[in-house]
Amino acid sequence: MSSPRPTAALRFVLGDQLSPALSALRGADPAHDVILMTEVGEETTYVPHHKKKIAFILAAMRAFRRELEEKGFRVRYVALDDPDNTHSFTGELERAIAALKLERVIATLAGEHRVIAMQRSWADDFNIDVDIRDDDRFLCTHAEFARWAEGRKSLRMEYFYREMRQRTGLLMDGDQPEGGQWNYDKDNRKPAEPDLFMPRPQRFEPDAETKKVLALVNKRCASAFGDLEPFWFGVTRAQAEKARDHFLKHALPHFGDFQDAMLVGERFLYHSVLSLYLNVGLLEPLDLCRRAEREYKRGCAPLNAVEGFIRQIIGWREYVRGIYFREGESYISRNALGADRDLPEFYWTGETDMACVRACVTQTREEAYAHHIQRLMVTGNFALLAGIEPRQVHEWYLAVYADAFEWVEAPNTIGMALFADDGLLASKPYAASGAYIDRMSDYCRGCAYDVKAKEGERACPFNLLYWDFIARHERRFANNPRMAVIVKAWAKMDPGRRNRIRKEAKAYLDGLKPGSWRSP
Ligand code: FAD
Ligand code: DLZ
Ligand code: SF4
């Protein structure tokens, strides 16, 4: 006797869940089930998302709808300009349940606590059977991460990463790391020089549907942050794969050497610009790492590049996700250093005499992209040193980058950049003076400030604010083995000089104009 057919289900797919292997789609029956996808106003406005980010997500959702329909699935797709659109996930689910009369809902756990709370309320809200499945598009489950973290005094990424290498077998020679070392980061800190032959990320012409999305975003999200065009991101799986292959062939070989470098005229250097595709499900992380490993095995990319790239994905990406879910909803409210200054207006306008910040914000406004060191050591470092309130910084990062989803953005901002989780993620704050930026970039050459000046009218603000930060947190960091030398150097500094630095830092901070996003 055959087992009875399970009741027909409504399968709810969110904008960052565009994977055919998604748990919510597993076992889907094209004849009876309906897939729900919704473009909703609430998601486009709960932080002032960049126009390119909104357009990317909506266009990729529409492409995924086509992919599903080509496989014979029935998709209930609600567009942003549908006059009946309630503009919330819960409102759209309610409408779909009423219209389709299906008996159960299947979803994949969202990547943000705010949305998870909505998902968890649906069973009671609608008195319906709701099956929320784990998001297993990652290598490490929440339970596995919790087991790894259990009983450890500190949760250092490096040890997590080694276990992930062993587990996946990536770059392993038996039970030893390929080449004898786990980590080749020390080879990866070279400054770069402008190079006419530097590869650029793969760009795509918007197709007809993407053009419709661009017109829609232009009309409905005109007041959102950032430049919508030129819009060159891929939005289909095939395009994301083309961008991947382009990176593996042209940029991966130098990815390691110049990973930390910054150049005014080269916004992408040898970075992959693949995070947006990975984060919405157009690329699969393990597959990407295996392809990178193959480049090493074929002799097309050196070990330091491939190890560095794989570490970002099976190490950092999985690790920050583990932290986000382990620490729970309150993580985004952490503020261990008591930072309470408002976000300066120049985070939105780019209008500042600091050439480094201006370059990173301008690039962010135009591209919805900045690479890791720009995010960490320029805009993140400034926010840390100036004592900007973590919540405001977090909302800025979540809004302005096309790849920003809370599970990955929040630990990078709250933990890595701002030390607001009191060292859970980083053993010391990533605080640096102007000398670091000067060493790793060409920004200082075109700056109104003098990076060598430690005080006085033309002193680089990063220099003043660095010492001011150390002074403000002297007691806290005196016992941190990685900060003690710096704290001692401050204590030994001539008192007259210390006073001048603090006074100038205060004047600088008092002069910062706060500003939230306002459409121009
Ligand atoms: P590459 O340099 O080419 O790296 C390869 C891949 O490794 C990336 O595509 C990404 O998937 C992964 N990766 C690299 N570093 C990290 C990291 N620290 N955490 C997680 N994954 C990493 N990354 C996001 O995907 N979304 C975010 O919202 C985000 N916010 C950040 C906020 C701050 C304050 C900082 C310091 C970092 C943030 N990152 C975020 C991490 C990192 O900056 C981006 O992943 C990277 O810049 C994306 O560009 P890429 O694809 O060219 O990366
Ligand atoms: C970020 C975003 C935006 C801008 N718009 C939508 C949307 O219209 N529909 C949708 O399903 N998802 C969108 N998203 C992504 C969601 O906010 C995302 O699923 C949550 O942030 C959970 O990670
Ligand atoms: Fe930035 Fe200071 Fe260099 Fe100017 S001098 S670009 S403010 S680090």
Side-chain angles (χ1 to χ4, degrees), residues 12-17 37-47 49 53-54 56-58 61 78 80 87 89 92 110-112 114-116 157 201 221 247 251-252 255 259 268-280 283 285 288 308-313 315-321 352-359 369-380 382-383 393-394 397-398 401-414 416-418 430 433-438 441 443-453 458-463:
F12 201 160
V13 174
L14 302 175
D16 55 355
Q17 299 182 337
M37 297 180 73
T38 63
E39 299 175 1
V40 296
E42 196 171 279
E43 293 308 304
T44 61
T45 54
Y46 73 97
V47 289
H49 291 297
K53 176 182 185 183
I54 300 173
F56 166 64
I57 292 173
L58 301 193
M61 285 175 68
V78 185
L80 200 60
H87 292 295
F89 286 144
E92 283 316 295
E112 185 176 337
R114 177 186 61 91
V115 182
I116 293 173
M157 195 289 292
C221 311
F247 163 74
L252 178 64
F255 174 84
Q259 205 179 330
F268 309 99
L269 286 134
Y270 298 94
H271 290 274
S272 67
V273 197
L274 295 178
S275 49
L276 73 171
Y277 306 129
L278 281 166
N279 293 353
V280 300
L283 292 180
L288 176 58
F309 183 71
I310 286 177
R311 173 159 27 91
Q312 306 312 311
I313 296 175
W316 281 112
R317 188 170 185 269
E318 294 287 331
Y319 167 82
V320 297
R321 179 172 183 264
T352 163
D353 286 339
M354 290 182 287
C356 53
V357 177
R358 189 169 63 232
Y369 175 85
H371 69 67
H372 186 65
I373 294 300
Q374 295 175 309
R375 297 187 205 195
L376 182 64
M377 300 310 293
V378 180
T379 44
F382 185 90
V393 185
H394 152 63
Y397 279 102
L398 188 58
Y401 293 113
D403 61 17
F405 297 92
E406 201 173 271
W407 64 266
V408 52
E409 175 278 327
N412 273 294
T413 306
I414 301 286
M416 195 186 301
L418 301 181
Y430 281 90
S433 68
Y436 173 86
I437 296 175
D438 192 31
S441 79
Y443 294 146
C444 303
R445 293 177 211 168
C447 188
Y449 295 106
D450 178 0
V451 71
K452 300 266 178 316
R458 289 195 61 227
C460 163
F462 281 88
N463 294 342

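Counting starts at 1 for both ligands and their atoms, following the listed order. No hydrogens, no waters, no symmetry mates; every other heavy atom, side chains included, goes into these values.
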Problem set entry | Heavy-atom side-chain contact between F462 and D438 under 4.5 Å | no

For this session: Taking the side chain as every heavy atom from C-beta outward, state whether W407 and N279 have any atom pair closer than 4.5 Å.
Result: yes

For this session: Assess the side chains of Y397 and T379: does a donor N or O sit below 3.5 Å from an acceptor N or O?
Result: yes

Exercise. Does ligand 1 have a heavy atom under 4.0 Å from the side chain of F255, from its backbone, from both, or from neither?
Worked result: side chain

Problem set entry | Residue part near ligand 1, for A370, under 4.0 Å between non-hydrogen atoms | backbone

Exercise. Which residue supplies the protein heavy atom nearest to atom 23 (O) of ligand 2, what is that atom called, and how far is it?
Worked result: D16 OD2, 2.6 Å

Problem set entry | Closest protein heavy atom to atom 2 (C) of ligand 2, given as residue, atom name and distance to 0.1 Å | I57 CD1, 3.6 Å

Exercise. Is ligand 1 less than 4.0 angstrom away from at least one heavy atom of P411?
Worked result: no

For this session: Please confirm whether L80 comes under 4.0 Å of ligand 2, counting heavy atoms of the residue only.
Result: no

For this session: Heavy-atom distances under 4.0 Å are what count here, so tell me which part of T38 touches ligand 2: side chain, backbone, both or neither.
Result: backbone

Exercise. Taking only heavy atoms of V273, which atoms of ligand 1 are found under 4.0 Å from at least one of them?
Worked result: 50 (P), 51 (O), 52 (O)

For this session: Identify the protein heavy atom lying closest to atom 30 (N) of ligand 1, giving its residue, its atom name and the separation to 0.1 Å.
Result: R375 NH1, 3.5 Å

Problem set entry | Contact check, F309 vs ligand 1, heavy-atom distance below 4.0 Å | yes

For this session: Name the closest protein heavy atom to atom 2 (Fe) of ligand 3, giving the residue it belongs to and the distance to 0.1 Å.
Result: C460 SG, 2.4 Å

Problem set entry | Identity and separation of the nearest protein heavy atom to atom 1 (Fe) of ligand 3 | C356 SG, 2.4 Å

Problem set entry | Ligand-side contact atoms (ligand 2) for residue partner V40, heavy atom cut-off under 4.0 Å | 7 (C), 8 (O)

For this session: Please write down residue, atom name and distance for the protein heavy atom closest to atom 6 (C) of ligand 1.
Result: I313 CG1, 3.7 Å

Problem set entry | Polar proximity ligand 2 side, E112 side, N/O cut 3.5 Å exclusive | yes

Exercise. Counting only heavy atoms, which portion of L276 has something under 4.0 Å from ligand 1: side chain, backbone, both, or neither?
Worked result: neither

Exercise. Just distances here: any N/O of S275 and N/O of ligand 1 closer than 3.5 Å?
Worked result: yes

Problem set entry | Per-atom contacts of ligand 2 with E39, taking only distances under 4.0 Å to non-hydrogen atoms | 8 (O)

Problem set entry | Nearest option to atom 13 (N) of ligand 1, as decided by whichever heavy atom of H271, Q374, E409, Q312 sits closest | Q312

Problem set entry | Validation row: Q17, F12 side chains within 4.5 angstrom (heavy atoms) | no

For this session: Could you point out which residue of V47, L398, V115 forms a side-chain contact (heavy atoms from CB on, under 4.5 Å) with E406?
Result: L398

Problem set entry | Polar atom proximity, L376 to ligand 1 (N or O, under 3.5 Å) | no

Problem set entry | Atom pair CZ (F405) and CG (L278), whose distance is rounded to the nearest 0.5 Å | 11.5 Å

Exercise. Got the closest protein heavy atom to atom 5 (S) of ligand 3, with its distance?
Worked result: V451 CB, 3.6 Å

For this session: To the nearest 0.5 Å, tell me how far H271 NE2 sits from L252 CG.
Result: 12.5 Å

Exercise. Identify the closest protein heavy atom to atom 25 (O) of ligand 1: which residue and atom is it, and at what distance?
Worked result: N279 ND2, 2.9 Å

Exercise. Among protein heavy atoms, which sits nearest to atom 49 (O) of ligand 1, and what does the distance come to when rounded to 0.1 Å?
Worked result: Y369 CE1, 3.3 Å

Exercise. In ligand 2, which numbered atoms sit nearer than 4.0 Å to a non-hydrogen atom of G111?
Worked result: 22 (C), 23 (O)

For this session: Check whether any side-chain heavy atom of L80 lies under 4.5 Å from a side-chain heavy atom of H87, and answer yes or no.
Result: yes

Problem set entry | Contacting atoms of ligand 2, where contact means under 4.0 angstrom from a heavy atom of L58 | 8 (O)

Problem set entry | Which residue and heavy atom of the protein sit nearest atom 3 (Fe) of ligand 3, plus the separation | C444 SG, 2.3 Å

For this session: Run down the list V408, N412, I373 and name the one with the heavy atom closest to atom 17 (C) of ligand 1.
Result: N412

Exercise. Mind checking whether Y436 and M377 have side chains closer than 4.5 Å, heavy atoms only?
Worked result: yes

Exercise. Would you call Y449 and N463 a side-chain contact if the rule is heavy atoms closer than 4.5 Å?
Worked result: no

Problem set entry | Between CZ on residue R311 and CE on residue M157, distance to nearest 0.5 Å | 6.0 Å

Problem set entry | Nearest candidate to atom 3 (O) of ligand 1, where distance is taken over non-hydrogen atoms, out of A402, P201, S272 | S272

Seminar exercise, completed: A student comparing M377, H372, R317, R311 should find that the heavy atom closest to atom 21 (N) of ligand 1 comes from R317

Exercise. How close does the nearest protein non-hydrogen atom get to atom 16 (C) of ligand 1, and which residue and atom is it?
Worked result: W316 CB, 4.0 Å

Problem set entry | Contact check, F247 vs ligand 1, heavy-atom distance below 4.0 Å | no

Exercise. For atom 11 (O) of ligand 1, which protein heavy atom lies nearest, and how many Å away is it?
Worked result: L278 CD1, 3.4 Å

Problem set entry | Spacing of CD1 belonging to I57 relative to CD belonging to E43, to within rounding of 0.5 Å | 9.0 Å

Problem set entry | Per-residue contact class, D403 against ligand 1 - non-hydrogen pairs under 4.0 Å | both

Exercise. Would a line drawn from the ring center of F309 to the ring center of F247 be shorter than 6.0 Å?
Worked result: yes

Exercise. Quick one: does H371 get an N or O within less than 3.5 Å of an N or O on ligand 1?
Worked result: no

Exercise. Do V320 and V408 come close enough that some side-chain heavy atom pair is under 4.5 Å?
Worked result: yes

Exercise. Is F382 close to V378 at the side-chain level, that is, under 4.5 Å between some pair of heavy atoms?
Worked result: no

Exercise. How does W407 reach ligand 2, if at all, at less than 4.0 Å between non-hydrogen atoms: by side chain, backbone, both, or neither?
Worked result: neither

Problem set entry | Interatomic distance, Q312 atom CD to L274 atom CG [nearest 0.5 angstrom] | 12.5 Å

Exercise. Quick one: nearest non-hydrogen protein atom to atom 4 (Fe) of ligand 3, plus distance?
Worked result: C447 SG, 2.3 Å

For this session: Provide the number and element of each atom of ligand 3 under 4.0 Å from a heavy atom of M354.
Result: 7 (S)

Seminar exercise, completed: For atom 15 (C) of ligand 2, the closest protein heavy atom turns out to be F405 CE2, 4.1 Å

For this session: Measure across H49 and T45 and return the closest heavy-atom pair with its distance rounded to 0.1 Å.
Result: CD2-N, 4.4 Å

Exercise. Taking N or O atoms only and a 3.5 Å limit, does G15 qualify as a polar contact for ligand 2?
Worked result: yes

For this session: Look at atom 6 (C) of ligand 2 and say which protein heavy atom is nearest, naming residue and atom and giving the distance to 0.1 Å.
Result: E43 CB, 3.5 Å

For this session: Kindly compute the distance separating CZ (R114) from CZ (F89), expressed to the nearest 0.5 Å.
Result: 7.0 Å

For this session: Within a distance under 4.0 Å of any heavy atom of F89, pick out the atoms of ligand 2 and give their elements.
Result: 9 (N), 10 (C), 11 (O), 12 (N)

Seminar exercise, completed: Any heavy atom of L14 under 4.0 Å from ligand 2? The part involved is both

Problem set entry | For ligand 2, the portion of Q17 having any non-hydrogen atom under 4.0 Å away | neither

